[in-house]
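Single-structure report; data block below.
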Amino acid sequence: MTTTDMPRPVDAGPGRAVPKKRPRSTAGGGFRRAVPATTLLWVLAALYSVPVLWFVLSSFKPAGDLFSLPLTLFPQNPTLSGYTEAWRSANFAQYFINTTIVCVIATILTVGVSCCTGYALAKYDNKWLKVFFVGILATTMLPSEVMLAPQFLVVRDLGLYNSLAGIILPAVLTATGCFMFRQFFLTVPDELIEAARIDGAPELKIFLRIMVPISRPIMLTLAILSFQWRWNDYIWPLLMLNDPEKFTVQIGIQSLVGAQNINWSVLLGGSVISMVPLIVVFLVFQRYVMNADINAGLKD
């Protein structure tokens with residue numbers, strides 16, 4: 001067999017793409033570019049974590065060691081007396097129950113109302129809806145303290161003063177939630193809704209069967225934020241409640257502050273106790289937000 005008779009390599013046909021090898025320099029260059037940004041993020045994370053670490057470790061110090069010189073990060077004589085004293089002196093069990101009721105109900109209502117409102121603002125063309133959306137956004141331009149007086153008068157006239165319902169009601173509609181859902185639903189193609197309408201699906205079924213499932217990442221994100229807002233809320237429950245049996249956690253922590261002096265060990269212990277549910281909620285739900293596919297069910 002001569003050299004001219006040797007079999008030639010089969011060329012790629014017109015419909016077959018020739019695979020290309022990725023240059024190694026491209027991958028190495030991307031890694032080198034990512035190192036400075038990653039290092040900077042780790043440095044910022046370390047700087048922000050130092051106050052939190054100081055706060056948590058100080059809760060294990062006796063009251064006399066908190067302000068002793070020189071200051072130390074780690075407790076020399078760790079103790080749980082701050083936690084036990086805080087739990088004994090304040091009715092934390094009842095505070096946790098009250099706050100959980102407020103947070104769960106307010107979060108469910110906030111997510112549901114924001115989802116409905118965001119869908120209407122994004123997919124229905126009506127000038128009054130646009131005016132309503134501008135009115136919702138206008139509430140973010142005012143300090144929350146400005147709205148406390150009219151909110152208090154409305155809730156009082158409804159007969160909800162000194163009740164958990166009076167705390168939940170004003171928190172149902174939030175500008176942040178409506179804006180988040182509106183911006184998400186604007187990215188959903190109108191052809192998806194039109195196809196469902198052609199198939200004879202009613203509007204409520206389109207919303208519940210199509211729009212709600214694909215907006216699950218936004219729902220979980222808003223649920224985490226809403227739970228955090230309601231749990232950390234202090235001013236509004238302080239104005240609305242005067243019965244100690246209905247106090248929330250933040251008002252309960254304020255009751256640990258004495259009129260003449262402050263036992264910082266007890267106050268730090270109570271503050272750390274109040275942080276535990278928020279940490280648990282974030283750790284449980286954040287993986288669903290990170291792993292969720294926002295574009296699930298959509299095609300270009």
Side-chain angles (χ1 to χ4, degrees), residues 52 55-63 66 78-113 144-145 147-148 151-174 222-286:
V52 179
F55 168 73
V56 175
L57 293 178
S58 297
S59 64
F60 294 97
K61 296 180 181 180
L66 287 173
T79 178
L80 296 176
S81 60
Y83 291 91
T84 57
E85 181 67 22
W87 189 270
R88 191 181 75 254
S89 59
N91 191 8
F92 266 101
Q94 185 64 42
Y95 299 159
F96 272 107
I97 294 175
N98 297 337
T99 311
T100 302
I101 293 174
V102 171
C103 292
V104 172
I105 297 178
T107 298
I108 294 175
L109 294 177
T110 298
V111 172
V113 172
S144 58
E145 291 78 7
M147 304 176 63
L148 287 178
Q151 284 183 356
F152 178 82
L153 294 177
V154 171
V155 173
R156 185 199 61 182
D157 293 341
L158 291 176
L160 300 178
Y161 177 72
N162 195 28
S163 66
L164 298 181
I167 303 176
I168 297 172
L169 183 62
V172 171
L173 185 62
T174 62
L222 181 60
I224 294 175
L225 294 176
S226 178
F227 192 93
Q228 178 183 358
W229 294 337
R230 303 289 78 82
W231 190 274
N232 291 328
D233 197 4
Y234 172 72
I235 297 297
W236 182 245
L238 183 64
L239 293 176
M240 289 301 303
L241 302 175
N242 58 13
D243 185 1
E245 293 297 323
K246 298 179 182 179
F247 281 175
T248 58
V249 170
Q250 303 306 324
I251 304 179
I253 294 176
Q254 189 272 340
S255 64
L256 297 176
V257 179
Q260 302 296 332
N261 58 353
I262 301 176
N263 191 334
W264 289 102
S265 180
V266 176
L267 183 60
L268 291 174
S271 300
V272 173
I273 292 174
S274 69
M275 291 170 52
V276 173
L278 291 180
I279 297 175
V280 173
V281 168
F282 177 78
L283 293 178
V284 170
F285 289 101
Q286 63 95 17

Is there any salt bridge (charged side-chain N to carboxylate O under 4.0 Å, His left out) pair reaching into residues 82-108, and which pairs are they, with sequence neighbours excluded? Glu85-Arg88
Separation of Thr248 OG1 from Tyr95 OH (nearest 0.5 Å): 9.5 Å
What pairs with Gln94 under side chain to side chain donor-acceptor pair (under 3.5 Å), at least two apart in sequence or on another chain? Asn98
How would you list, by chain and number, every residue that makes a side-chain contact (heavy atoms from CB on, under 4.5 Å) with Asp243, sequence neighbours excluded? Asn162, Glu245, Lys246
Can you see which heavy atom on Met240 is nearest to which on Gly166, and at what distance? CE-CA, 4.2 Å
Mind checking side chain to side chain donor-acceptor pair (under 3.5 Å) for Asn91 and listing every partner two or more places apart, or none if nothing turns up? none
Within-4.5 Å side-chain heavy-atom neighbours: Leu153 and Arg156: yes
Which heavy atom of Leu148 sits nearest a heavy atom of Ile235, and at what distance? CD1-CG2, 3.6 Å
Check step by step if side-chain contact (heavy atoms from CB on, under 4.5 Å) holds for Leu80 and Phe60. CA-CA 6 Å; Leu80 296 176; Phe60 294 97; 3.4 Å; yes
Test side-chain contact (heavy atoms from CB on, under 4.5 Å) applied to Val280 - qualifying residues, sequence neighbours left out: Val276, Val284
Ser59 meets the side chain to side chain donor-acceptor pair (under 3.5 Å) criterion, sequence neighbours left out, with Tyr83
Measuring only between side-chain heavy atoms, which start at C-beta, is Val155 closer than 4.5 Å to Trp236? yes
Which donor-acceptor pairs under 3.5 Å do the side chains of residues 225-233 make with protein atoms, sequence neighbours left out?
residue : atom : partner : partner atom : Å
Trp231  : NE1  : Ser274  : O            : 2.9
Asn232  : ND2  : Gln228  : O            : 3.4

Tell me the salt bridge (charged side-chain N to carboxylate O under 4.0 Å, His left out) pairs involving residues 271-280, sequence neighbours left out? none
Begin from the C-alpha positions of Phe55 and Val272 and carry the test side-chain contact (heavy atoms from CB on, under 4.5 Å) through to its verdict. CA-CA 8 Å; Phe55 168 73; Val272 173; 3.6 Å; yes
Take Phe92 and Ile253 through the side-chain contact (heavy atoms from CB on, under 4.5 Å) test and state the conclusion after the steps. CA-CA 9 Å; Phe92 266 101; Ile253 294 176; 4.2 Å; yes
Residue set satisfying side-chain contact (heavy atoms from CB on, under 4.5 Å) with Ile279, at least two apart, ordered chain then number -> Met275, Leu283
Passing candidate, side chain to side chain contact (heavy atoms under 4.5 Å, CB included) with Pro237, options Ile167, Thr99, Val102: Ile167
What closest approach, in Å, do Ala86 and Gly269 show between heavy atoms, and which atom pair accounts for it? CB-C, 4.4 Å
Report the distance from atom OG of Ser81 to atom NZ of Lys61, rounding to the nearest 0.5 Å. 13.5 Å
For Trp264, does the CH2 atom sit with more than 12 other heavy atoms under 6.0 Å from it, leaving out its own atoms? no
Return all side-chain donor-acceptor pairs below 3.5 angstrom for residues 103-113, not counting sequence neighbours, or 'none' if the list is empty.
residue : atom : partner : partner atom : Å
Thr107  : OG1  : Cys103  : O            : 2.6
Thr110  : OG1  : Ala106  : O            : 2.6
Thr110  : OG1  : Ala171  : O            : 3.0
Thr110  : OG1  : Val172  : O            : 3.3

Ser163: side chain to side chain donor-acceptor pair (under 3.5 Å) partners, not counting sequence neighbours: none
Results of ring pair (Phe, Tyr, Trp, His ring centres under 6.0 Å) for Phe152 - residues two or more places apart only: Tyr161
Which distance, rounded to the nearest 0.5 Å, do you find between the CD1 of Ile101 and the CZ of Phe96? 13.5 Å
